[in-house]
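Before any comments, here is the structure.
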Amino acid sequence: MIVTSLRLVGVKVPKEVYDFVKRFKRNGGSGMERANLKDSFYAFSILGHKDKDTVNFVIKHECEEGNFAKHPHARPPYLEETFYAVSTLNILGYSYRNEKMIKYILSLQNPDGRFRRSVYGGISTLEDCYHAIASLKLMVELR
């Protein structure tokens with residue numbers, strides 16, 4: 001968030017920040033101890049460069065239904081992991097659109113119009129609504 005704020009006000013991000021973030025690259029992703037989709041999203045939001053290994057890392061987390069899970073071949077998939085995956089691919093310049101994923105996200109909508117994080121039920125949260133709408137927006141822009 002600090003890097004985003006600096007960019008918004010036109011302040012150049014110090015090289016030391018980039019060097020620090022690069023230290024956490026692992027197996028195509030990024031993470032403190034183990035690479036994961038969330039940390040990869042934040043790292044590449046800062047680094048902002050194309051990386052084929054990261055695209056492969058993200059795609060490994062894709063489930064058969066078109067959504068994404070915390071770990072390759074894991075269940076259940078969650079909305080936030082799907083958001084991190086689609087957003088990271090977008091940052092890397094990889095156009096990703098999946099009709100199955102759009103249906104999956106829409107299946108997470110509760111009767112009140114808001115979104116939950118899993119097909120197994122749950123309450124609607126502001127964060128989950130953001131993840132759903134932002135993910136759908138990225139895919140709709142690719143039409």
Side-chain angles (χ1 to χ4, degrees), residues 1-9 11 13-14 16-143:
M1 284 195 233
I2 292 170
V3 170
T4 300
S5 298
L6 289 173
R7 287 181 179 149
L8 285 173
V9 297
V11 175
V13 179
E16 293 82 8
V17 172
Y18 292 103
D19 293 341
F20 178 78
V21 172
K22 285 180 188 176
R23 292 185 359 194
F24 298 100
K25 287 184 72 175
R26 289 158 178 50
N27 303 319
S30 189
M32 293 291 281
E33 293 180 20
R34 180 178 173 182
N36 62 73
L37 291 173
K38 182 178 183 178
D39 290 345
S40 296
F41 164 70
Y42 287 114
F44 288 95
S45 293
I46 294 167
L47 300 174
H49 68 323
K50 293 186 179 188
D51 187 322
K52 187 175 181 174
D53 290 336
T54 302
V55 171
N56 293 333
F57 169 80
V58 172
I59 297 298
K60 286 180 187 176
H61 289 75
E62 187 174 16
C63 299
E64 193 173 297
E65 303 86 6
N67 42 1
F68 290 82
K70 284 193 178 291
H71 307 286
H73 313 293
R75 287 284 190 261
Y78 290 110
L79 181 56
E80 65 270 21
E81 300 306 321
T82 299
F83 165 78
Y84 295 132
V86 172
S87 296
T88 300
L89 293 172
N90 183 61
I91 290 166
L92 298 173
Y94 183 82
S95 297
Y96 183 87
R97 181 179 164 83
N98 184 326
E99 295 300 325
K100 288 182 187 178
M101 184 187 307
I102 292 170
K103 288 179 184 176
Y104 160 75
I105 292 172
L106 293 175
S107 76
L108 300 177
Q109 194 168 23
N110 282 326
D112 64 3
R114 297 179 291 168
F115 292 86
R116 61 187 178 278
R117 74 187 288 240
S118 169
V119 294
Y120 299 108
I123 62 168
S124 304
T125 69
L126 182 59
E127 186 175 38
D128 292 329
C129 292
Y130 172 80
H131 289 150
I133 293 167
S135 298
L136 290 170
K137 182 178 183 292
L138 285 172
M139 286 184 281
V140 168
E141 289 173 349
L142 295 174
R143 282 192 176 177

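Scope of the values below: all heavy atoms of this structure, side chains included, with no hydrogens, waters or symmetry mates. Because the structure is predicted, anything quoted here is derived from the model rather than measured.
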**OP:** Could you check if a side-chain atom of V119 sits within less than 4.5 angstrom of a side-chain atom of Y104, using non-hydrogen atoms only?
**Re:** yes

**OP:** Sequence neighbours left out, what passes side chain to side chain contact (heavy atoms under 4.5 Å, CB included) with I59? Give chain and number order.
**Re:** V55, E62, L89, Y94, Y96

Original post:
Nearest heavy-atom pair of R116 and S107: which atoms, and what distance?
Top reply: NH2-O, 3.0 Å

Subject >> Residues which pass ring-ring contact (aromatic ring centres under 6.0 Å, His included) with F83, listed by chain and number, not counting sequence neighbours >> reply: F41, Y130, H131

Subject >> Value rounded to 0.5 Å, distance of CZ in F57 from NZ in K25 >> reply: 11.5 Å

Original post:
Is there a side-chain contact between S40 and V58, using heavy atoms and a 4.5 Å cut-off?
Top reply: no

Subject >> Interatomic distance, S118 atom OG to E80 atom CD [nearest 0.5 angstrom] >> reply: 9.0 Å

**OP:** Kindly check if the number of other-residue, nucleotide or ligand heavy atoms within 6.0 Å of CG (N110) is above 12?
**Re:** yes

Subject >> Atom of V86, atom of S135 and distance for their closest heavy-atom approach >> reply: CG1-O, 4.5 Å

**OP:** Would you give the length of the straight line joining atom CD of E33 to atom CZ of R26, rounded to the nearest 0.5 angstrom?
**Re:** 8.0 Å

Original post:
At their closest point, which heavy atom of D128 faces which heavy atom of L79, and how far apart are they?
Top reply: O-CD2, 3.1 Å

Original post:
Measuring from K38:NZ to S87:OG, what's the distance to the nearest 0.5 Å?
Top reply: 13.0 Å

Original post:
Among P72, P77, P76, which residue meets the side-chain contact (heavy atoms from CB on, under 4.5 Å) test with C63?
Top reply: P77

**OP:** Spell out, as yes or no, whether a donor-acceptor pair under 3.5 Å connects the side chain of K100 to the backbone of E64.
**Re:** yes

Original post:
Nearest heavy-atom pair of A132 and I105: which atoms, and what distance?
Top reply: CB-CG2, 3.8 Å

**OP:** For Y18, check side chain to side chain contact (heavy atoms under 4.5 Å, CB included) against everything at least two apart and list the hits.
**Re:** R7, V13, I46, L47

**OP:** Kindly compute the distance separating NZ (K22) from OG (S30), expressed to the nearest 0.5 Å.
**Re:** 12.0 Å

Original post:
Between atom CD of E81 and atom NE2 of H71, what is the distance when rounded to the nearest 0.5 Å?
Top reply: 8.0 Å

Subject >> Side-chain heavy atoms of F24 within contact of D39, under 4.5 Å >> reply: no

Original post:
Of all heavy-atom pairs between A69 and L37, which one has the smallest distance, and what is that distance?
Top reply: O-CD1, 3.5 Å

Original post:
For the residue pair T82 and M101, what are the closest heavy atoms and their distance?
Top reply: CG2-SD, 3.3 Å

